[in-house]
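No experiment lies behind these values; they were computed from the predicted model shown. Convention: sequence-line order gives letters A, B, ...; per-chain numbering from 1.
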Protein chains: 2
Amino acid sequence: MATIGDVARIAGVSRSTASYALSGKRAISADVRRRVEDAVSSLGYTPNAGARALATTRTMVIGLLAQFLPDEFAPAMLQYMLGVSDTAREHGYDILLATDADGTRALRRMTDSRMVDGVVLLNVAEHDERLPILRSASQPGALVGLPADCTGVDVFDLDFEEAGRLMVDHLHRLGHREVLLVSQPEHVVERGGAYVWRLQNAALEAARARGMRLYATYGSSSQPDVGRDLRGLLDAHPDATGLLVNNEAAAAALPTVLHERGLSAPQDLSVVGRYSDEFARTFSLPFTSVESAPDRLGRMAVRQLVRRIEGEVGPDEPHVVRFVSPELVDRGSTGAPPRRGDA
Amino acid sequence: MATIGDVARIAGVSRSTASYALSGKRAISADVRRRVEDAVSSLGYTPNAGARALATTRTMVIGLLAQFLPDEFAPAMLQYMLGVSDTAREHGYDILLATDADGTRALRRMTDSRMVDGVVLLNVAEHDERLPILRSASQPGALVGLPADCTGVDVFDLDFEEAGRLMVDHLHRLGHREVLLVSQPEHVVERGGAYVWRLQNAALEAARARGMRLYATYGSSSQPDVGRDLRGLLDAHPDATGLLVNNEAAAAALPTVLHERGLSAPQDLSVVGRYSDEFARTFSLPFTSVESAPDRLGRMAVRQLVRRIEGEVGPDEPHVVRFVSPELVDRGSTGAPPRRGDA
DNA sequence: CTGAAAGCGCTTACAG
DNA sequence: CTGAAAGCGCTTACAG
């Protein structure tokens, strides 16, 4: 493989001149530049990334820590990953992906061995074990997901409280007074998935303020359990006219469950989910939903991370905590509640 | 950040001795080993990956080229990715992930700059533009997906021909004589997604051999188009009693479409898909399917790649092309065809 | 505008 | 069993 030394020799210049001709970091005569460029293309020269990283202390790589936890819905993670990956590339960075069950080890490995210039953590828990490690690392980090303590990191998340209110308000405005909410599995909450109760608490609060009944429950993360959960919920609350679904697996299972019972949305039941438009189209989910904007969150996290890496924002400059406002995407699965006695 | 020089100084030995004590590549006195280990832990020393790569010409990183093409179903890719990532980690490798639309650029970047020791290509097309680049790279490569020309690479894929036969045979054995097949979008085939017609041709052949009618068609990769495709197909063939689905998006949309028409599987229609068990559970797909084994394929590709990287198999040793045999997972969506006139 | 030299942090023959 | 030195392939002050 050709090195910068080969390029220099062919071009008849010193290695430093060859290097500068390529980086453009100092003035170079047109003649020399031409000769260096010719040498580069005739040799098919590409700089050795490891050597460059060693010399510059910059790897041009961003670590991406995606956790696929047992009780969570894996495909939802993909959209965050793609948002991060695509944005990183636009900024000239590659992605080192860690899917280790043990995110702390992966994070430590990446940062301690200086494989990355910075790190994006996905699916951050309220008391995320990765955070102390990230704070003691010398690279900056950006999170998607809101932890209890945000010091030293930039944080991006959907405004789940607003999402909860939005879902409740929407059904309230249509006349619903008795509504169900299916959240992610309780395990997720126990493990620190704060977004679950952030949405749930805000929804309960909004329902209370509006004089609505809201039954909040948890659903499993895969079949057949989540189908059973949905059936049990509908059985237990025959008078409910609305269903809020903050659980991707439940949203995916719902069409089948409704079918079994001969129910249709919105005629028999109004349904509002919380997932991305991409997700809805991919999985043929016909429900009105609150957009969770995973690509946008991934994109925001990378942008801020790159700003930190490249020193556009000083190391002591305050870290940000930014929430994306949820938006309701109407897919026609909500309407006025059915009149009593119609069934 | 501590360097090996710091470790050596604290331990009172030379840098080479410190290095050997850590690598174990030559005999070290117990005393020295202890002192080096103490120094390492007191300093929290971790080798700089870039420096090590430069010295050893080994990065301990595998490039993963995942293409998310417009007309393909993104979430199916995730399972391959996880199979690759998890297996790489078990072998001590990290993953450099490229999701660039232009896979050739990403591949060239990774290999030319020596960021990776080897490469896994996902979703390989029949005449994949990445292959010439891979062949001229100095790193080995493993593919998931069968190209027309397999020289110089190790290849792993599902036996799609066998899968097509299996699906047809299964319905034939149950008594079906008129059957539909929905494949991936025609765009995918045109772009070189050979697996589509490998399955389709084998299915057509098997149907012919058994005297069955098989109508083969293509479906879109997302909603609402794929729903429309399915409806059109069912409208056009009211006498068909079986439906084969080699299209994840169609499989995901099917429950809703069946619901709309008041159809149930297997009472009204026998359905066989082609997707992984993981996929079925995640998306609540209730259909009997041919297991596509993405995790297993990712795992096989990495294992062979690591063997090549680590020289366990000589560079001239013949490359392998290995097919995974499909297995039918019965989820109860197939049965005898409904008797004529029952509707 | 250009070159010679030092240095990034490792590993590994070479020598003892 | 251990050390001094060279080298991996870059970049970047320093000097002219």
Side-chain angles (χ1 to χ4, degrees), chain A residues 1-37 39-40 43-61 109-117 138-139 310, chain B residues 1-37 39-40 43-61 109-117 138-139 310:
Chain A
M1 209 68 197
T3 72
I4 188 106
D6 299 324
V7 171
R9 190 159 28 74
I10 304 267
V13 297
S14 72
R15 299 193 312 157
S16 56
T17 298
S19 176
Y20 282 118
L22 294 176
S23 70
K25 288 194 182 168
R26 77 178 181 193
I28 296 283
S29 69
D31 174 46
V32 165
R33 183 190 308 281
R34 151 89 35 89
R35 271 150 51 206
V36 169
E37 281 164 3
V40 164
L43 289 167
Y45 168 74
T46 306
N48 179 304
R52 175 174 278 179
L54 188 56
T56 60
T57 69
R58 289 277 303 277
T59 63
M60 300 307 288
V61 173
R109 188 173 68 242
M110 283 184 183
T111 53
D112 285 359
S113 66
R114 318 197 88 71
M115 301 178 86
V116 298
D117 292 336
S138 44
Q139 296 97 330
E310 302 187 346
Chain B
M1 209 69 199
T3 72
I4 189 110
D6 299 324
V7 171
R9 191 161 26 75
I10 304 266
V13 297
S14 71
R15 299 194 312 158
S16 56
T17 298
S19 175
Y20 282 119
L22 294 176
S23 70
K25 288 193 181 169
R26 77 179 181 192
I28 296 283
S29 70
D31 175 47
V32 164
R33 183 188 308 281
R34 152 88 36 88
R35 271 151 49 207
V36 169
E37 280 165 1
V40 164
L43 290 167
Y45 168 75
T46 306
N48 179 303
R52 175 174 278 180
L54 188 56
T56 60
T57 69
R58 288 278 303 278
T59 63
M60 301 308 288
V61 173
R109 189 174 66 242
M110 284 184 183
T111 54
D112 285 358
S113 65
R114 316 200 89 71
M115 301 179 86
V116 298
D117 292 336
S138 45
Q139 296 97 330
E310 302 188 347

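- Two residues, B:Gly50 and B:Thr17, neighbour DNA chain C, and the one matched to the more 5' nucleotide by heavy-atom proximity is B:Gly50.
- With B:Tyr45 as the fixed residue, the side chain to side chain contact (heavy atoms under 4.5 Å, CB included) test singles out one of B:Val36, B:Ile10, B:Asp6, B:Val7: B:Val7.
- Around atom CZ of A:Arg34, no more than 12 heavy atoms belonging to other residues, nucleotides or ligands sit under 6.0 Å away.
- Here the CG atom belonging to B:Leu43 is positioned 10.0 Å from the CE atom belonging to B:Met1, to the nearest 0.5 angstrom.
- With no hydrogens or angles considered, no side-chain donor-acceptor pair links B:Arg114 and B:Thr57 at under 3.5 Å.
- Using N1 to N3 plus N6-O4 or O6-N4 for Watson-Crick, or N1-O2 and O6-N3 for G-U wobble, each under 3.5 Å, D:dG3 pairs with C:dC14.
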Full working for side chain to side chain contact (heavy atoms under 4.5 Å, CB included) between B:Thr17 and B:Arg26: CA-CA 9 Å; B:Thr17 298; B:Arg26 77 179 181 192; 4.0 Å; yes

Do A:Gln139 and A:Met115 pass the side chain to side chain contact (heavy atoms under 4.5 Å, CB included) test, and can you show the C-alpha distance, the side-chain angles, and the key distance before you say yes or no? CA-CA 10 Å; A:Gln139 296 97 330; A:Met115 301 178 86; over 6 Å; no

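- Within 4.0 Å (heavy atoms only), B:Ser16 reaches at least one base atom of the nucleic acid.
- Residues of residues 19-28 of chain A having a heavy atom closer than 4.0 Å to DNA chain D, listed by number: A:Ser19, A:Tyr20, A:Lys25, A:Arg26.
- Taking the 5' to 3' direction, DNA chain C first and last meets chain B under 4.0 angstrom from a heavy atom at C:dG9 to C:dC14.
- Here the OG atom belonging to A:Ser19 is positioned 8.0 Å from the NZ atom belonging to A:Lys25, to the nearest 0.5 angstrom.
- Annotation: the span from A:Arg52 atom CZ to A:Thr46 atom OG1 amounts to 9.5 Å, rounded to 0.5 Å.
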